[in-house]
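Presented below is the structure to which this report refers.
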There are 2 protein chains.
Amino acid sequence: MGETVRLIEVKENILDDNTRVADALRARLKREKTFLVNLMASPGAGKTSTVIHTTDRLKERLTVGVLEADIDSTVDAEKVAATGVAAIQMRTGGFCHLDATMVSDGLAAIGSEGFDLILLENVGNLVCPAEFDTGAALNAMILSVPEGDDKPLKYPLMFSVCDVVIVNKTDTCALFDFDRARFEEGVRKVNPSCPIFDISCRTGKGIDAWVAWLTEKILAHNA
Amino acid sequence: MGETVRLIEVKENILDDNTRVADALRARLKREKTFLVNLMASPGAGKTSTVIHTTDRLKERLTVGVLEADIDSTVDAEKVAATGVAAIQMRTGGFCHLDATMVSDGLAAIGSEGFDLILLENVGNLVCPAEFDTGAALNAMILSVPEGDDKPLKYPLMFSVCDVVIVNKTDTCALFDFDRARFEEGVRKVNPSCPIFDISCRTGKGIDAWVAWLTEKILAHNA
């Protein structure tokens with residue numbers, strides 16, 4: 001019991017410290033006119049594919065960089081770099097989430113000044129990343145259709161902290177009996193107003209609408 | 001920095017304490033002839049569907065119970081209970097994993113004595129559950145095809161701690177360009193010998209082979 005109390009105390013201190021670092025980072029990026037997006041999702045939901053589709057549409061008009069977080073391996077950063085976009089891999093070495101200090105370190109490594117947009121791919125996990133403010137101006141989460149339409153009920157914190165939800169792999173809705181109305185109803189229980197974009201990284205459907213919305217956010221932030 | 005060192009110390013103590021509780025629980029369940037399976041996977045990989053297919057095939061010949069862990073919601077336990085199998089929902093209240101003490105509490109709640117098999121559905125997460133021994137006799141993990149064949153590279157701890165890997169949604173391999181050989185190669189890098197079963201909860205394919213293997217493990221443990 002003593003251990004549990006101690007753990008909770010340490011966790012609260014860590015979260016408080018992290019919020020301070022995140023707020024300072026957000027203020028700095030606002031001054032520097034760099035829009036940081038924190039992209040969260042389950043393993044295999046299509047984070048890296050969404051990153052690549054998004055940067056493909058923006059890289060001609062904006063200076064874009066990508067921070068890829070992973071517990072191990074560097075395959076995601078390699079995939080992104082192959083498309084001609086600046087990318088670095090952040091290995092968390094077992095950590096289940098990113099905190100604002102890790103993100104600051106990642107931004108220093110990529111040299112974030114001069115970037116209009118940095119996309120940060122968080123660790124594949126619907127639980128822990130929701131607890132840690134990364135300093136991003138926008139929290140986005142991707143839910144892929146094969147995961148099921150009941151996920152907002154099961155991971156309410158994640159769905160409540162995100163500013164936008166992207167539904168990926170929508171070309172497989174029929175195959176997985178995904179009830180889009182039921183999904184939205186679940187999202188609305190914890191997040192009354194965030195936009196929801198339906199995309200398919202396989203077919204490209206819906207990505208233009210997501211990128212158009214994102215572009216407005218970037219331009220407004222960096223104005 | 002002081003906080004980080006303190007966090008690591010607390011985490012190490014927590015893990016040590018948990019291992020002691022888990023070892024004691026495992027010994028007790030061995031004496032009581034109850035086989036506990038810890039089932040881990042990403043959100044939406046098909047844990048509950050696999051539980052239901054498995055219990056459907058075993059409930060006539062064995063006394064089976066199910067512990068469903070979830071951060072919030074009780075939908076999984078309700079689904080399982082609807083099939084006539086004893087099930088209780090354990091809400092972790094935000095925790096990203098189960099530890100052995102939580103599992104002991106769940107076993108007390110279901111009244112585990114007299115059960116031949118208890119299936120424990122862990123929180124949907126490929127990271128944190130891998131760090132905490134639940135006291136189970138068998139660690140099983142499910143990887144669903146839409147998540148991609150590269151997951152062993154990205155979540156090596158999970159793939160290394162499991163005693164068996166189940167590949168679910170194999171009816172969608174072609175749709176998701178899932179390279180089964182590449183997946184197995186990835187598993188073998190961290191886990192040279194665990195069996196891998198290919199199933200589809202949608203079509204029922206492969207489930208008999210998994211259940212036959214599991215039955216042998218249960219009978220050997222409870223002999």
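In what follows, chains carry the letters A, B, and so on, assigned in the order in which the sequence lines appear, proteins first and then strands, with residues in each chain numbered from 1.
Heavy atoms closer than 4.5 Å to chain A are found in the side chain of B/P156, but not in its backbone. Proximity to chain B is limited to the side chain of A/T172, based on heavy atoms less than 4.5 angstrom apart. Heavy atoms of B/K151 lying under 4.5 Å from chain A belong exclusively to its side chain. For chain A, the nearby part of B/Y155 is the side chain; its heavy atoms alone come within less than 4.5 Å.
Comparing A/C96, A/S42, A/P43 by how many heavy-atom pairs each has under 4.5 Å with chain B, the most go to A/P43. With chain B as partner, the option from A/L153, A/D150, A/D171, A/L143 having the largest number of non-hydrogen pairs under 4.5 angstrom is A/L153. Counting heavy-atom pairs closer than 4.5 Å to chain B, the top residue among A/E147, A/R202, A/K154 is A/K154. For the set A/L175, A/V145, A/V75, the entry with the most heavy-atom pairs within less than 4.5 Å of chain B is A/L175.
A donor-acceptor distance shorter than 3.5 angstrom exists from the side chain of B/K169 to the backbone of A/P146, with no hydrogens or angles considered.
At a heavy-atom cut-off of under 4.5 Å, chain A is reached by B/V123, B/G124, B/N125, B/L126, B/V127, B/C128 from residues 121-133 of chain B, listed in order of number.
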